> 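First, the structure itself, so that you have it in front of you.
Read the numbers this way: they start at 1 and go in the same order the structure lists the ligands and their atoms. All of these numbers come straight from a predicted model, not from anything done at the bench.
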Amino acid sequence: MSFKEKVIYQIYPKSFLDTNQDGVGDLPGIEQKLPYLKRLGVDMVWLSPIYPSPQKDNGYDVADYTSINPMFGTMNDFDSLMATAKKYGIEIMLDMVFNHVSTEHEWFQKALAGDKKYQDYFILREEPTDWVSKFGGNAWASFGDTGKYYLHLYDITQADLNWRNPEVREELFNVLRFWMDKGIKGFRFDVINVIGKDEVLKNCPENDGKPAYTDKPIAHEFIRMMNQATYGKDAEIVTVGEMSFTTIEDCILYTNPKREELNMTFNFHHLKVDYKDGKKWTLMPFDFEKLKELFHTWGTQMSEGSGWNALFWNNHDQPRALNRFIDVDNYRVVGSKMLASSIHLNRGTPYIYMGEEIGMLDPDFDKMEDYVDVESLNAYQELLDAGKSEQEAFKVVKAKSRDNSRTPMQWDSGEYSGFSQSAPWLGLGKSADEINVAKELQEGSIFTYYQQLIKLRKEYPVIAEGSYEAFLPEHPQIYGFVRRLEGHSLLVLNNFFSQETTIKLPKECLSGEVLIDNYETKSFEQELRLKPYQTIAIYY
Ligand code: NOJ
């Protein structure tokens with residue numbers, strides 16, 4: 001099956017299912033829930049990092065790329081998970097964090113101890129530049145007592161690797177070979193578009209230094225080398241690059257098959273439409289016009305350039321999309337389905353983030369002590385330093401924190417919602433008693449809606465393969481698009497608001513059939529009235 005037909009499910013292992021009652025999810029927990037994932041119908045499961053790590057950034061600070069963090073289990077547990085997944089016809093995608101390693105990684109430790117070979121694994125300079133770390137503060141830190149500085153685009157414990165050194169590249173390619181030998185069929189590459197830094201590092205006040213290391217031609221070259229040396233040899237392997245502050249032009253280059261780089265890219269532009277002046281730690285209702293424009297330009301241009309999008313609303317770095325785009329107090333269920341349709345019927349490969357299939361919400365924490373994420377804690381301090389009151393700063397963190405999506409999976413209405421029998425590492429969502437898998441499977445309809453969407457992708461080639469065009473004329477409440485393939489068309493209309501509205505359908509689709517919608521519409525007329533958050537897909 002081509003990567004275009006697949007649906008991928010993301011698991012944040014720490015929060016999925018705890019089987020040894022230490023409050024942290026584990027690999028046997030994932031294995032135990034494979035029948036659930038099979039029932040949902042997903043083809044591949046992406047695991048956020050499972051490697052040894054001091055967990056300063058929840059595993060995105062890797063201390064050893066080819067072992068399993070004891071917190072999650074053993075290599076035997078991993079092998080067993082792989083074997084059971086195979087039985088269920090589910091493939092596994094691993095997260096490759098290749099821009100940086102934990103400062104506890106032996107490469108960094110050896111470098112610190114004076115080993116020249118390993119010092120050249122990192123980006124060391126006599127003088128720091130003015131670049132800003134993505135988690136706040138300057139992006140350089142003192143390298144022991146050498147008088148030098150090492151670059152860390154993320155946390156101070158995440159040291160950037162020197163991809164210009166061929167030995168570093170070979171080490172990383174060996175990591176991929178190791179996991180490929182274990183039967184891994186997917187790789188998600190963390191912030192892979194920042195691996196190519198300028199050769200001469202200069203101050204770059206523009207955009208916190210990003211132009212000096214983002215989407216550089218050399219990053220494309222490194223990715224192509226990686227492709228040719230490793231996964232490019234196995235056509236079944238699916239690759240997705242996570243892109244920080246990227247452009248459409250670059251994403252076409254990363255994903256156009258002729259370039260031999262990656263299958264698809266995650267970009268985040270559509271999840272910044274509620275950032276005031278482009279800044280994350282602010283509060284603003286989402287800008288629908290901007291959202292639509294982004295979907296249209298990415299949809300059309302990626303299609304024209306033979307590029308491929310990874311489609312998603314949620315992941316472990318984002319607050320739940322339901323809380324951002326939907327009036328969840330009144331329309332959580334229909335809203336969940338509308339968001340799902342707008343992605344799953346779009347042009348690209350859809351990703352489901354754990355809990356999305358049951359309409360999980362942000363946890364609704366009441367105090368700063370409930371948060372553990374390094375980025376959120378830093379941001380809170382920066383907001384206070386900038387003169388915000390504690391109350392104001394808390395309000396922003398509550399809306400924006402990455403912990404919003406990292407709370408334990410809500411399995412049932414037991415004490416720790418079936419996630420564990422001990423207190424979890426991060427608090428549970430307040431709505432766990434009402435929103436959980438057991439209840440959803442018994443009386444809910446979001447899970448079945450996702451099942452349907454996944455099935456449709458396999459049955460109607462226009463969904464996986466069709467081109468993309470904006471549905472015109474633009475409507476102030478509706479995001480509409482048309483997919484076309486070999487004489488078949490699919491019109492998808494999504495009302496992003498809680499007010500009803502009317503839209504005029506094109507004549508050609510009047511004899512078409514409703515493939516899926518969230519209000520059980522059986523028939524329709526040219527003047528179509530869309531209910532709050534209604535989504536409808538017409539095939540003709
Ligand atoms: C992106 C990951 O998704 C995020 O969780 C992490 O903090 C950064 N990259 C750094 O690895």
> Between the side chains of Glu171 and Tyr65, is a donor N or O closer than 3.5 angstrom to an acceptor N or O?
no
> Among residues at least two apart in sequence or on other chains, which ones pass side-chain hydrogen bond (donor to acceptor under 3.5 Å, both in side chains) with Asp26?
Thr19
> Please determine which of Thr239, Asn315, Asp95 meets the side chain to side chain donor-acceptor pair (under 3.5 Å) test together with Arg188.
Asp95
> Less than 3.5 Å apart, N/O on ligand 1 and N/O on the protein: could you list those pairs with the distances?
{"residue": "ligand 1", "atom": "3 (O)", "partner": "Arg188", "partner atom": "NH2", "Å": "3.1"}
{"residue": "ligand 1", "atom": "3 (O)", "partner": "His316", "partner atom": "NE2", "Å": "2.8"}
{"residue": "ligand 1", "atom": "3 (O)", "partner": "Asp317", "partner atom": "OD2", "Å": "2.4"}
{"residue": "ligand 1", "atom": "5 (O)", "partner": "His316", "partner atom": "NE2", "Å": "3.0"}
{"residue": "ligand 1", "atom": "5 (O)", "partner": "Asp317", "partner atom": "OD1", "Å": "2.7"}
{"residue": "ligand 1", "atom": "5 (O)", "partner": "Asp317", "partner atom": "OD2", "Å": "3.4"}
{"residue": "ligand 1", "atom": "5 (O)", "partner": "Arg402", "partner atom": "NH1", "Å": "3.4"}
{"residue": "ligand 1", "atom": "7 (O)", "partner": "Asp57", "partner atom": "OD1", "Å": "3.2"}
{"residue": "ligand 1", "atom": "7 (O)", "partner": "Asp57", "partner atom": "OD2", "Å": "2.5"}
{"residue": "ligand 1", "atom": "7 (O)", "partner": "Arg402", "partner atom": "NH1", "Å": "2.9"}
{"residue": "ligand 1", "atom": "9 (N)", "partner": "Asp190", "partner atom": "OD1", "Å": "2.9"}
{"residue": "ligand 1", "atom": "9 (N)", "partner": "Asp190", "partner atom": "OD2", "Å": "3.2"}
{"residue": "ligand 1", "atom": "11 (O)", "partner": "His100", "partner atom": "NE2", "Å": "2.9"}
{"residue": "ligand 1", "atom": "11 (O)", "partner": "Asp190", "partner atom": "OD2", "Å": "2.7"}

> Going by the side-chain contact (heavy atoms from CB on, under 4.5 Å) test, name the single residue among Ile156, Ile123, Asn162 that passes it with Tyr150.
Ile156
> Does Ile343 offer a backbone N or O that forms a donor-acceptor pair with the side chain of Asn346 under 3.5 Å?
no
> If only side-chain N and O atoms count, and only distance matters, is there a donor-acceptor pair under 3.5 Å linking Tyr51 with His105?
no
